[in-house]
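See structure below.
Both backbone and side-chain heavy atoms feed into the values below; hydrogens, waters and symmetry mates do not.
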Amino acid sequence: MFSYGKSAGMKALLALMIAFVPVLMVLMAFPELGDQVPMKVNAAGEVLRYGSKGELLFLPVMGFMISAATVAMGLKQARKYGDDLTMAAITFTRAGRNAIVQGVVFVAATGILLYGALSGHGIGF
């Protein structure tokens, strides 16, 4: 990861750490949750579907896998440049930035999902 520059490597590492935060959020809230949690709500905040609390892990784990795949694909694409270290570094840096944005989006989505699960209703508009 750090063969394409310290900055690019740090971005990739930061992206993976951010992507793991939603998994930790769900695992920390897991003991407080009941067996059934709201999984789907309408705009009025009424629960339309309940699911098991294990379903809450799907989104964070998927988010981590997507961010990790983005970093891995950035490494793969950067290796294609071989001799041109500048283009390889730019390619890997871009993948790191994309993975950071994906991680932040999944943190926000997991926060909204956990709010609904812990409060018993969704966010009504």
Side-chain angles (χ1 to χ4, degrees):
M1 257 189 328
F2 289 97
S3 58
Y4 301 111
K6 183 178 179 180
S7 175
M10 291 302 285
K11 284 180 184 168
L13 196 59
L14 177 66
L16 293 176
M17 290 188 323
I18 289 173
F20 195 68
V21 167
V23 176
L24 292 176
M25 288 168 52
V26 171
L27 290 177
M28 286 176 28
F30 218 69
E32 298 175 24
L33 297 170
D35 291 335
Q36 297 289 315
V37 293
M39 295 302 289
K40 184 175 182 181
V41 294
N42 63 11
E46 300 166 344
V47 178
L48 300 176
R49 183 178 81 82
Y50 286 92
S52 72
K53 64 182 179 179
E55 288 182 55
L56 288 176
L57 279 172
F58 179 74
L59 180 68
V61 169
M62 223 31 192
F64 180 77
M65 289 179 7
I66 289 172
S67 292
T70 301
V71 170
M73 288 305 294
L75 276 172
K76 182 179 177 182
Q77 293 294 322
R79 287 188 186 122
K80 286 184 178 181
Y81 286 106
D83 297 338
D84 193 358
L85 190 59
T86 303
M87 283 302 293
I90 289 170
T91 301
F92 188 61
T93 300
R94 184 179 304 133
R97 280 193 318 243
N98 290 344
I100 288 172
V101 171
Q102 290 168 355
V104 169
V105 168
F106 277 103
V107 166
T110 302
I112 292 169
L113 191 65
L114 278 177
Y115 171 77
L118 291 170
S119 67
H121 56 81
I123 298 173
F125 296 103

Of all heavy-atom pairs linking Ser67 and Gly103, the shortest is OG-N, 3.9 Å
Output for pair (Arg94 CZ, Lys11 NZ), nearest 0.5 Å, gives 11.0 Å
Counting heavy atoms not belonging to Phe58, are there more than 12 under 6.0 Å from its CZ? no
Can you tell me how far the OG1 atom of Thr110 sits from the CG atom of Leu24, to the nearest 0.5 Å? 11.0 Å
To check you understand the geometry: which heavy-atom pair defines the closest contact between Val26 and Pro60, and what is its length? CG2-CG, 3.5 Å
Tightest non-hydrogen contact, residues Ala68 and Leu16, listed as CA-CD2, 3.7 Å
Under 4.5 Å between side-chain heavy atoms, hopping through other hydrophobics if needed: is there a path connecting Met87 to Phe92? no
Look up atom CG in Leu14 and atom CD1 in Ile100, then write down how far apart they are to the nearest 0.5 Å. 4.5 Å
Where is the tightest heavy-atom contact between Ala78 and Thr91, given as atom of each residue plus distance? N-CG2, 4.1 Å
Would you say Val101 ends up clustered with Ile66 if hydrophobic residues are merged whenever their side chains have heavy atoms under 4.5 Å apart, either directly or through other cluster members? no
Check whether any side-chain heavy atom of Leu27 sits under 4.5 Å from a side-chain heavy atom of Leu57, and report yes or no. yes
Quick one: does Arg97's side chain get under 4.5 Å of Thr93's, heavy atoms only? yes
Side-chain touch Ile90/Tyr81, heavy atoms, less than 4.5 angstrom: no
May I ask you to decide if Ser52's main-chain N or O and Glu55's side chain share a donor-acceptor pair within less than 3.5 Å? yes
Taking all atoms of both residues into account, what is the closest heavy-atom pair of Lys53 and Phe30, and its distance? O-CE1, 3.3 Å
Test of understanding: clusters of I, L, V, M, F, W, Y form through side-chain heavy atoms closer than 4.5 Å, transitively. Do Leu59 and Val105 belong to the same one? no
Rounded distance (nearest 0.5 Å) linking atom CZ of Phe106 with atom CE of Met65: 10.0 Å
From OH (Tyr50) to CG (Asp35), nearest 0.5 Å: 13.5 Å
Are Met73 and Val71 connected, step by step, through hydrophobic side chains (Ile, Leu, Val, Met, Phe, Trp, Tyr) whose heavy atoms are closer than 4.5 Å? no
Which atom names give the shortest non-hydrogen contact between Thr70 and Ala95, and what distance separates them? CG2-O, 3.5 Å
